[in-house]
Amino acid sequence: MNRIVLVVSAVVLLVGSSALAQKSAQLNFVVVKDENGKPVRNASVVLHPVEKDGKQSKGGFQLKTDPDGKATFPGAPFGKLRVQVLARGFQTFGQDYDIDEPVEEITIKLKRPQGQYSIYDDKNKPEEKPKQ
């Protein structure tokens, strides 16, 4: 009798663990510079689950890229995931991804900051017509 209970328990654990394995994904990130494709090291990759109504869930995970610009997260839940990437000297990146494969490869290209527009800059003022 104890053997049957032990075997049934083992089967339930195996089935349960395989079901859990199918509902999570390994995410492989590569963060590179947009202008030349070189890796961005020590970039912060922040992951947040997104609810069905589009709102960001509480909690999340933070990763750091290695010298090759790579970061891996092995236990991402299937569904919508918001990915934000922050790195010194680059614009913040943000995008939602639908995670539906056991392994997802995500390449993120970071851009340098753009100049700000100001009405007070001389280069943005309209040219004055010379008086005659």
Side-chain angles (χ1 to χ4, degrees):
M1 180 72 172
N2 285 340
R3 260 184 150 189
I4 294 174
V5 171
L6 185 61
V7 170
V8 169
S9 297
V11 169
V12 168
L13 284 173
L14 287 174
V15 169
S17 66
S18 68
L20 288 175
Q22 292 174 355
K23 295 189 182 218
S24 66
Q26 176 172 319
L27 305 179
N28 298 319
F29 294 96
V30 178
V31 180
V32 297
K33 298 175 185 177
D34 184 51
E35 71 261 8
N36 59 15
K38 291 187 177 181
V40 177
R41 64 181 287 206
N42 207 31
S44 181
V45 180
V46 183
L47 312 173
H48 290 285
V50 178
E51 296 174 3
K52 290 183 180 181
D53 62 359
K55 291 185 180 179
Q56 183 173 301
S57 299
K58 296 209 180 226
F61 303 96
Q62 181 177 359
L63 312 169
K64 290 284 189 176
T65 58
D66 64 13
D68 296 325
K70 296 179 180 180
T72 301
F73 185 68
F78 274 31
K80 192 165 283 230
L81 191 68
R82 182 159 296 146
V83 176
Q84 294 176 304
V85 179
L86 299 99
R88 171 169 259 170
F90 293 94
Q91 292 180 359
T92 299
F93 172 89
Q95 187 171 330
D96 291 351
Y97 292 89
D98 285 318
I99 307 302
D100 57 1
E101 297 290 327
V103 177
E104 296 272 350
E105 306 287 336
I106 300 173
T107 299
I108 296 167
K109 296 180 179 181
L110 295 183
K111 296 181 180 188
R112 294 282 183 189
Q114 303 297 312
Q116 293 183 347
Y117 177 81
S118 172
I119 61 171
Y120 302 107
D121 284 344
D122 286 336
K123 63 183 176 185
N124 293 322
K125 289 183 181 177
E127 292 182 28
E128 292 183 20
K129 294 181 184 178
K131 294 182 180 179
Q132 295 183 6

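- The two residues P49 and G59 have their closest heavy-atom pair at CD-O, 4.5 Å.
- Across all their heavy atoms, T65 and A43 have their closest contact at OG1-N, 2.8 Å.
- Using a 4.5 Å heavy-atom cutoff, the side chains of L81 and L27 are in contact.
- Taken from NZ in K38 to CG in D68, the straight-line distance is 13.5 Å, to the nearest 0.5 Å.
- Both V31 and Y97 sit in one connected hydrophobic cluster of ILVMFWY residues. Membership requires side-chain heavy atoms under 4.5 Å apart, directly or through other members.
- Scanning for salt bridge (Lys or Arg N to Asp or Glu O under 4.0 Å) contacts around R88 gives an empty result, with sequence neighbours left out.
- For the residue pair P39 and G69, the shortest heavy atom distance occurs at CB-N, 3.6 Å.
- Here the closest heavy-atom approach between residue L110 and residue Q91 is recorded as CD2-O, 4.0 Å.
- Within the model, atoms NZ of K23 and CD1 of I99 stand 16.0 Å from one another, a figure rounded to the nearest 0.5 Å.
- Each of F78 and V50 belongs to its own hydrophobic cluster when Ile, Leu, Val, Met, Phe, Trp and Tyr are linked at side-chain heavy-atom distances under 4.5 angstrom.
- Linking Ile, Leu, Val, Met, Phe, Trp and Tyr whenever their side-chain heavy atoms come within less than 4.5 Å puts I106 and V85 in one cluster.
- Under the side-chain hydrogen bond (donor to acceptor under 3.5 Å, both in side chains) criterion, Q62 pairs with S44, sequence neighbours left out.
- For F90 against P113, the heavy-atom pair with the smallest separation is CA-CD, 4.2 Å.
- Both V45 and F61 are part of a single hydrophobic cluster, where members link through side-chain heavy atoms under 4.5 Å apart.
- For the atom pair CZ of F29 and CD of E104, the computed distance is 9.0 Å after rounding to the nearest 0.5 Å.
- Going from atom CD of Q26 over to atom CZ of F73 covers 10.5 Å, rounded to the nearest 0.5 Å.
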>> side chain to side chain contact (heavy atoms under 4.5 Å, CB included), that's the test. Do K33 and V40 meet it? Break it down for me.
In response: CA-CA 6 Å; K33 298 175 185 177; V40 177; 3.7 Å; yes

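- Considering only residues two or more places apart in sequence or on other chains, E105 meets the side-chain hydrogen bond (donor to acceptor under 3.5 Å, both in side chains) condition with N28.
- Separation of atoms CZ (F93) and NZ (K109) is listed at 11.0 Å; rounding is to 0.5 Å.
- Within the model, atoms CZ of R82 and NZ of K55 stand 11.5 Å from one another, a figure rounded to the nearest 0.5 Å.
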